[in-house]
Amino acid sequence: MNADQVAALRVLLAPTGWLDRTRYFARTLRDCSRTPQGLLVVGTPDDEPWHMTAHLADEARLARLPELSPTLVRWSPPPGAPAHLRVGLDRLAAAGRRETLLVVSPQAASEELLERVSDVRRAGATIFSLDRGDPELDALAHEALAVPEGTAPLSFDAAQHLVSAAAGDSPPPAGRRTGPVPGGSSLRSRLAQLLNTVSGPPPGSGD
């Protein structure tokens, strides 16, 4: 990440507080995810969080955190889909106390989704919600991050990128500097990639 990108990122995010909010949400999610395959991710029937699930899976692999590896829960998985893509809503009914549910909902949650989230919470699982500012869904969540429509400078999709990147990033212990995980990348470099996605690469950076 070069100086121009650092400056641009600070201009974009520092006044808004988005970097701090997404980092806090992501690190709390990471701290609460203790069981391999116990991080469940669900969206709405019309908008399944494929990309966020994939990004979290990448972060879990790069950071060597199997407990962060997500399970995408689908509303209507097609017959014959690969095993990791045919996990249905029955998985929510089986969720337990040591598991975490992340709800990614760019629209207001339906009554059915709210009921299922409520059931998972009553079973003892920890609930996280990334949404547009849904009072009913946020009331069920232990932690919620609302990204209202028209929020600048980052979109709902970009917020998912920020949360995923921060979830896989671990600060070194106080007073100690450590190198990156082999084969991985720092939050700083991943945010540079995100900045390129949101605002385009800086002049002279490549094709």
**Prompt:** Which pair of non-hydrogen atoms, one from S129 and one from A141, has the smallest distance, and what is that distance?
**Reply:** CB-CB, 3.9 Å

**Request:** Take W75 and V42 through the test side chain to side chain contact (heavy atoms under 4.5 Å, CB included) and record every step on the way to the result.
**Result:** CA-CA 8 Å; W75 288 79; V42 70; 4.0 Å; yes

**Message:** Once rounded to the nearest 0.5 Å, what's the spacing between atom OG of S33 and atom CG of L40?
**Reply:** 9.5 Å

**Request:** Compute whether any side-chain donor of one residue and acceptor of the other, for D157 and S155, lie under 3.5 angstrom apart.
**Result:** no

**Request:** Enter the distance from L56:CG to L29:CG here, rounded to the nearest 0.5 Å.
**Result:** 7.0 Å

**Asked** Hey, is R91 close enough to E99 for a salt bridge, meaning N to O under 4.0 Å?
**Response** yes

**Message:** Restricting to non-hydrogen atoms, name the atom on V147 and the atom on A159 that form the minimum distance, rounded to 0.1 Å.
**Reply:** CG2-CB, 3.9 Å

**Request:** Check R121 against L140 and note the closest heavy-atom contact, atom names and distance.
**Result:** NH1-O, 2.8 Å

**Prompt:** Could you state the interatomic distance from CG (L65) to CG (L39), rounded to the nearest 0.5 Å?
**Reply:** 11.5 Å

**Those residues that, when tested against R74, pass side-chain contact (heavy atoms from CB on, under 4.5 Å) (two or more places apart)** = E48, W50, L72, P77, P78, L85

**ILVMFWY cluster, V104 and L162 together (side-chain gap under 4.5 Å)** = yes

**Item:** L114 backbone acceptor or donor facing S118 side chain under 3.5 Å
**Value:** no

**Message:** Regarding E67 and R34, does a basic nitrogen lie under 4.0 Å from an acidic carboxylate oxygen?
**Reply:** no

**Asked** NE2/H84 to OG1/T53 distance, rounded to the nearest 0.5 angstrom?
**Response** 10.0 Å

**Asked** Can you name the side-chain contact (heavy atoms from CB on, under 4.5 Å) partners of D119, sequence neighbours left out?
**Response** R122

**Request:** Mind checking the CE-CD spacing from M52 to E59? Nearest 0.5 Å is all I need.
**Result:** 10.0 Å

**Message:** Please determine whether residues L89 and L137 belong to a single hydrophobic cluster, defined as Ile, Leu, Val, Met, Phe, Trp and Tyr linked transitively by side-chain heavy-atom distances below 4.5 Å.
**Reply:** yes

**Message:** Please determine whether residues V163 and F128 belong to a single hydrophobic cluster, defined as Ile, Leu, Val, Met, Phe, Trp and Tyr linked transitively by side-chain heavy-atom distances below 4.5 Å.
**Reply:** yes

**Message:** Checking L101 against T126 for the side chain to side chain contact (heavy atoms under 4.5 Å, CB included) test, could you report, in this order, the C-alpha distance in whole Å, the side-chain angles of both residues, the deciding distance, and whether it holds?
**Reply:** CA-CA 6 Å; L101 174 63; T126 304; over 6 Å; no

**Message:** Do L102 and V120 sit in one hydrophobic cluster, given that two such residues count as connected whenever their side-chain heavy atoms are within less than 4.5 Å of each other, even indirectly?
**Reply:** no

**Prompt:** From L113 CG over to Q107 CD, what is the distance, rounded to the nearest 0.5 angstrom?
**Reply:** 10.5 Å

**Message:** Would you say that H161 contacts H55 through its side chain, given a criterion of any heavy-atom pair below 4.5 Å between the two side chains?
**Reply:** yes

**Smallest separation among heavy atoms of S69 and A60, with atom names** = N-CB, 3.5 Å

**Request:** Please answer: with hydrophobic residues joined when any side-chain heavy atoms are less than 4.5 Å apart, are F156 and V41 in the same cluster?
**Result:** yes

**Minimum-distance pair of heavy atoms, taken over all atoms of A26 and A167** = CB-N, 3.5 Å

**Request:** Please report the shortest heavy-atom distance between T35 and R98, naming the atom on each side.
**Result:** OG1-O, 3.2 Å

**Residues forming a side-chain contact (heavy atoms from CB on, under 4.5 Å) with R97, sequence neighbours excluded** = none

**Asked** Are I127 and E143 close enough that some pair of their side-chain heavy atoms sits under 4.5 Å apart?
**Response** no

**Request:** Verify, without hydrogens or angle tests, whether D134 (side chain) and A108 (backbone) share a donor-acceptor contact under 3.5 angstrom.
**Result:** no

**Prompt:** For H142, does the NE2 atom have more than 12 heavy-atom neighbours from other residues, nucleotides or ligands under 6.0 Å away?
**Reply:** yes

